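Values in this document were obtained by computation on a predicted structure and should not be read as measured data.
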Amino acid sequence: MKKKLAYSGSVYLFIVIISYFFSSGLALFLICFGAAISTVVVLALLLNNEVKKTVWFKSIIPNLNNYPTNEWYREHEERNYDVVNIGSSSAKHAFDYSGLGIKTFNWAEQPQSLSYGFKILKTYFSILKRNGVVIISLGPFSGLDVDGKWRKETNDKYYYLLDPALIDDFRSVKIRRNYPLIADPIRSMKELVKNILKKRPDTKKISVGFEDNSDRWIKGWLLEFGITDLEAGLSQENKKGREKRIKLLSDIINFCIERDLKPVIVIPPMHPTLSSKFSETFRENYIYSFIWSANSENAPFMNYIDDMRFAEDRLFKNSFFLNETGAKQFTSIVLHDLELL
């Protein structure tokens, strides 16, 4: 953008100089017009930089300390990591490796599709030691395709993590991350005003019971995947998506094995108010059949969905996400079960 502006400015200056030989009045008009446009452009760039300082804009940027990027390697000497996990929102909240004395990364994001989790793994797997463990964290609907179902801004976080060729519609992502004022002027100005007024996001927690919260999760999933009955089989559309996901999970498992890594499939615990809503019929149709079909290499499958060690409210943020206490307890259990602690 800066190069384009410089080039445009040079061309415009050349036009002004040429116009002077034909009409000094025209040259004066072009000078005034150019000065006005330049002022607007400079102000817009200044405002755009201020927008990039807002909480809204920064909230998209992932924790780069979790990823061995080129910048990370310049500041860290650690290599041969023991464990990483990929996954979506529940995995981001379920795994907390701090204080356990082994080298780990949590590569889950909120949210993150299985395909992008695979892209993250393929980009950074070399940090793992031989026979390092890759935890593939799944949820109740991981077997269904999410392509086209999430907001386009969901991919913006990968601007900081992946090669442009791996990011869907990278051109739009690049514009949103470099020029938010152009990409979303109304939201940008609202957030800028908030930032100027030092108005912080409302962090006041609204108390919602686990039962009501679990109902919200179920309602959201039903709407997202066009499901009317959890007890019924998959719709034709979801069956098509399932085939893609089976191949994808199989590819992830094989990718790990081919590189002397140990894939492990894990389903984190849920609050009983949520896990109780998934009958054995649902689990067979949506979870287990998906995993069995993809897992021809017999990677370990560790299912904690009903684990009664996580039946207490004090371990959860909501019915789907563990809190810090729950995550520390769960991570320790998983690593002990894998005989890594």
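Atom-to-atom distance recorded for Asn131:CG and Asp260:CG is 6.0 Å, nearest 0.5 angstrom. Atom CG of Leu249 and atom CG of Leu138 lie 6.0 Å apart (nearest 0.5 Å). Atoms CG and CD1, from Asn295 and Ile246 in turn, are 11.5 Å apart once rounded to the nearest 0.5 Å. From Ile333, atom CD1 reaches atom CG of Leu338 across 12.0 Å, with rounding to the nearest 0.5 Å. Interatomic distance, CG of Leu45 versus OH of Tyr179, reported as 7.0 Å (0.5 Å rounding). Remark: Glu297 CD to Ile257 CD1 distance equals 4.0 Å, nearest 0.5 Å.
Looking at Pro111 and Thr154, their side chains come closer than 4.5 Å, going by heavy atoms from C-beta outward. With contacts defined as side-chain heavy-atom distances shorter than 4.5 Å, the pair Ile167/Leu161 does not qualify. Between Leu181 and Met189, the closest side-chain pair of non-hydrogen atoms falls below 4.5 Å. The side-chain heavy atoms of Leu162 and Ile120, taken from C-beta on, include a pair separated by under 4.5 Å. Put simply, the side chain of Leu144 reaches to within 4.5 Å of the side chain of Leu234, judged on heavy atoms. Here the side chains of Tyr304 and Asp337 are in contact, with some heavy-atom distance below 4.5 Å. You'll find the side chain of Thr123 stays beyond 4.5 Å of the side chain of Asp163, heavy atoms only. For the pair Thr104/Phe95, no side-chain contact is recorded, criterion being any heavy-atom separation below 4.5 Å from C-beta on.
A distance-only check finds no donor-acceptor pair linking the side chain of Lys194 to the backbone of Lys190 [under 3.5 Å]. Put simply, the side chain of Asn155 never gets that close to the backbone of Val173: no donor and acceptor are under 3.5 Å apart. Using a distance-only test at 3.5 Å, with no hydrogens or angles considered, a donor-acceptor pair links the side chain of Ser214 to the main chain of Phe210. Not a single donor-acceptor pair under 3.5 Å links the side chain of Asp96 to the backbone N or O of Thr331. Put simply, the side chain of Ser142 gets close to the backbone of Gly139: a donor and an acceptor are under 3.5 Å apart. With His76 contributing its side chain and Glu78 its backbone, the two residues share no donor-acceptor pair below 3.5 Å. Glu50 places no side-chain N or O within donor-acceptor distance of the main-chain N or O of Asn195, the cut-off being under 3.5 Å. Asn254 places a side-chain N or O within 3.5 Å of a backbone atom of Ser250 that can act as its donor or acceptor partner. Between the side chain of Asp147 and the backbone N or O of Gly241 there is no donor-acceptor pair closer than 3.5 Å. The backbone N or O of Tyr288 lies less than 3.5 Å from no partner atom in the side chain of Arg283, so there is not a single donor-acceptor pair.
Side-chain atoms of Arg242 and Ser289 form a donor-acceptor pair, as typed in the model, at a separation below 3.5 Å.
Under the 4.5 Å side-chain contact rule for hydrophobic residues, Ile60 and Ile175 do not share a cluster. Following chains of ILVMFWY side-chain contacts shorter than 4.5 Å, one cannot reach Trp150 starting from Leu223, and the two form parts of different hydrophobic clusters. At a threshold of 4.5 Å between side-chain heavy atoms, the hydrophobic network of Ile, Leu, Val, Met, Phe, Trp and Tyr places Leu47 and Ile196 in one connected group.
Closest heavy-atom contact between Pro180 and Asn48: CD-OD1, 3.1 Å. Gln112 approaches Ser88 most closely through the heavy-atom pair N-OG, 3.0 Å. A pairwise comparison of heavy atoms in Pro68 and Tyr73 identifies O-CE1, 3.2 Å as the closest pair. Contact between Ile305 and Ser275 at its shortest, heavy atoms only, is O-CB, 3.6 Å. Closest approach of Gln329 to Leu315, counting heavy atoms only: OE1-CD2, 3.8 Å. For the residue pair Ala294 and Ile253, the shortest heavy atom distance occurs at O-CD1, 4.1 Å.
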> Please walk me through it: do Asn85 and Ser137 pass side-chain hydrogen bond (donor to acceptor under 3.5 Å, both in side chains)?
Replying inline: CA-CA 7 Å; Asn85 69 268; Ser137 183; 6.0 Å; no

>> Would Lys240 and Glu237 count as a salt bridge (Lys or Arg N to Asp or Glu O under 4.0 Å) here? Give the steps.
In response: CA-CA 5 Å; Lys240 291 179 182 177; Glu237 181 181 354; over 6 Å; no

> Val264 and Val334: side-chain contact (heavy atoms from CB on, under 4.5 Å), yes or no, with the steps?
Replying inline: CA-CA 10 Å; Val264 178; Val334 171; over 6 Å; no

>> Test side-chain contact (heavy atoms from CB on, under 4.5 Å) on Gln110 and Lys157; report intermediate values, then the result.
In response: CA-CA 10 Å; Gln110 183 175 342; Lys157 54 181 167 284; over 6 Å; no

> Could you go step by step and tell me if Leu230 and Ser279 meet the side-chain contact (heavy atoms from CB on, under 4.5 Å) rule?
Replying inline: CA-CA 8 Å; Leu230 288 177; Ser279 68; over 6 Å; no

> So Arg245 and Val146, side-chain contact (heavy atoms from CB on, under 4.5 Å) or not? Walk me through it.
Replying inline: CA-CA 10 Å; Arg245 303 289 272 191; Val146 296; 4.3 Å; yes

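With Phe321 as reference, Trp217 is the one residue of Phe330, Trp217, Phe310 to meet the ring pair (Phe, Tyr, Trp, His ring centres under 6.0 Å) rule. Among Asp156, Asp184, Asp169, the single residue meeting the salt bridge (charged side-chain N to carboxylate O under 4.0 Å, His left out) criterion with Arg176 is Asp156. Among the candidates Lys103, Arg130, Lys129, the single residue satisfying the salt bridge (charged side-chain N to carboxylate O under 4.0 Å, His left out) test with Asp82 is Lys129.
Aromatic ring pairs are classed by plane angle as parallel below 30°, tilted from 30° to 60° and perpendicular above 60°; the pair Phe141 and Tyr286 is perpendicular. Ring geometry for Tyr124 versus Tyr67: interplanar angle of 30 to 60°, hence tilted. Ring geometry, Phe170 versus Tyr159: the interplanar angle falls under 30°, so the pair is classed parallel (tilted spans 30 to 60°). By the 30° and 60° cut-offs, the orientation of the rings of Phe105 relative to Tyr81 is parallel.
Heavy-atom neighbours of Glu324 CD from other residues, nucleotides or ligands within 6.0 Å: at or below the threshold of 12. Residue-environment remark: NZ (Lys152) stays at or below the threshold of 12 foreign heavy atoms within 6.0 Å. Within a 6.0 Å radius of NZ in Lys262, other residues, nucleotides and ligands contribute 12 heavy atoms or fewer.
For the pair Arg259 and Phe125, the distance from NZ or CZ to the six-membered ring centre is under 6.0 Å and the angle to the ring normal is within 45 degrees. Remark: Arg177 qualifies as a cation-pi partner of Phe57 under the 6.0 Å distance and 45° angle criteria applied to the six-membered ring.
By the ring-ring contact (aromatic ring centres under 6.0 Å, His included) test, Tyr116 is found to be paired with Tyr158, residues two or more places apart in sequence or in another chain being considered.
The pair Asp251-Lys247 counts as a salt bridge, with a side-chain nitrogen and a carboxylate oxygen less than 4.0 angstrom apart.
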